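Each remark here refers to the structure printed beneath this line.
Because only heavy atoms are used, hydrogens play no part in the values below, and waters and symmetry mates are left out as well, while side chains stay in. Predicted, not measured: the structure shown is a model, and the values here were computed from it.
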Amino acid sequence: METLLPFAARPTPTALPAAAGALRILHRANPALSGAGWLHVGLAALALALLPLDHRLVAGALVWIKPLKFALSGAAYLWTLGWLLADLPATAQRAVRRLSGGVALSMVVEIVVIFMQAGRGVSSHYNASSALNGLLFGLMGIFIVLNTVLAAWALYLAWRYRPHGPAGYVWGLRLGLLVFLVGSALGGFMIHAHQHTVGAPDGGPGLPGLGWSTVAGDLRIAHFLGLHALQALPLLGWALSRWAPRRAVAGTWLGTALYAAAVGALLLGALAGRPLWAGH
């Protein structure tokens with residue numbers, strides 16, 4: 001199977017045709033994750049269109065902000081996972097197809113529930129204020145757990161079958177999946193507490209656009225950074241393989257250690273009730 005990252009020497013097209021070509025290759029390699037990603041992009045466009053028209057607030061923010069952020073984040077996750085799994089050898093692709101279908105289903109269920117609840121003008125997460133709200137939050141929880149289990153299966157496959165590409169990229173892919181799983185597990189803190197703010201109720205003052213609390217600890221920051229290790233660490237391994245190939249593996253491990261330390265520091269700061277950026 002063709003690797004999606006440009007390890008081999010290729011002509012250098014302009015950015016837009018290159019991105020379109022990569023997305024076509026991704027769709028051929030993994031239609032389930034590609035299609036679910038496009039659904040998220042469409043929903044992000046819908047949320048963006050509704051944003052200036054609907055001024056209702058949920059937890060202190062415009063009601064369509066959260067669906068927009070989750071749709072964009074979901075698209076990034078689905079396409080990145082499809083991209084990385086396409087680099088596993090042919091012997092692993094049967095398992096890749098199975099887990100990709102499960103991941104796509106899990107993400108679609110979660111984003112549909114988030115949009116439904118936004119349409120109703122209520123919070124989608126930690127909301128057990130009625131039987132229906134509790135049922136929908138529980139449904140999301142089931143598919144979040146399923147998604148995490150399937151991501152762990154992807155990690156197993158990446159360690160069992162060596163992905164295509166240079167050693168730095170291979171380790172970036174494996175370690176990115178590992179830190180991603182840690183970031184996923186951090187979501188358990190929020191579910192256990194039924195909120196993401198530590199030391200204050202949810203919905204207080206927050207950073208513009210992101211909403212991260214500026215007056216108390218916020219568990220979403222470490223969760224966010226951990227999840228995006230899926231993009232950051234394979235890119236680090238790829239970049240080091242290209243520009244410092246002799247030190248790529250060691251550099252990728254060092255970068256991973258620093259990245260994981262940053263996730264841990266953000267988690268400890270949030271648990272202590274400290275905001276990332278204190279407002280006045």
Donor-acceptor under 3.5 Å (Arg274 side chain, Trp277 main chain): no
Sidechain-backbone polar pair: Lys66 side chain, Ile114 backbone, donor-acceptor under 3.5 Å: no
Donor-acceptor contact below 3.5 Å, side chain Arg56 vs main chain Gly119: yes
Distance, nearest 0.5 Å, that separates NE2 of His125 from CZ of Arg220: 10.5 Å
Nearest-0.5 Å distance, OH of residue Tyr259 to CG of residue Leu225: 3.5 Å
Point-to-point distance, once rounded to the nearest 0.5 Å, from CG of Asn127 to CD of Gln117: 6.5 Å
All ring pair (Phe, Tyr, Trp, His ring centres under 6.0 Å) counterparts of Phe224, not counting sequence neighbours: Trp212, His228
Expected output: side-chain Asp218 to main-chain Ser213 donor-acceptor under 3.5 Å: yes
Side chains of Met140 and Ser124 in contact at under 4.5 Å (non-hydrogen atoms): yes
Min side-chain heavy-atom separation Leu84-Tyr169 under 4.5 Å: yes
Leu157 side, atom CG; Gln93 side, atom CD - distance, nearest 0.5 Å: 9.0 Å
Residues Arg97 and Asn30: side-chain donor-acceptor under 3.5 angstrom: no
Within 6.0 angstrom of Arg120 CZ, more than 12 heavy atoms from elsewhere: yes
Side chain proximity check, Leu57 to Leu62, heavy atoms < 4.5 angstrom: yes
Point-to-point distance, once rounded to the nearest 0.5 Å, from CZ of Arg28 to CZ of Arg24: 8.0 Å
Polar side chain donor-acceptor pair, Asp202 to Thr197, under 3.5 angstrom: yes
Pairwise side-chain contact, Val179 with Leu233, heavy-atom cut-off 4.5 Å (strictly under): yes
N/O donor-acceptor pairs under 3.5 Å from side chains in residues 71-80, not counting sequence neighbours:
| unit_1 | atom_1 | unit_2 | atom_2 | d |
| --- | --- | --- | --- | --- |
| Tyr77 | OH | Asn147 | OD1 | 3.0 |
| Trp79 | NE1 | Ser34 | O | 3.2 |
| Thr80 | OG1 | Ala76 | O | 2.5 |
| Thr80 | OG1 | Gln231 | NE2 | 3.0 |

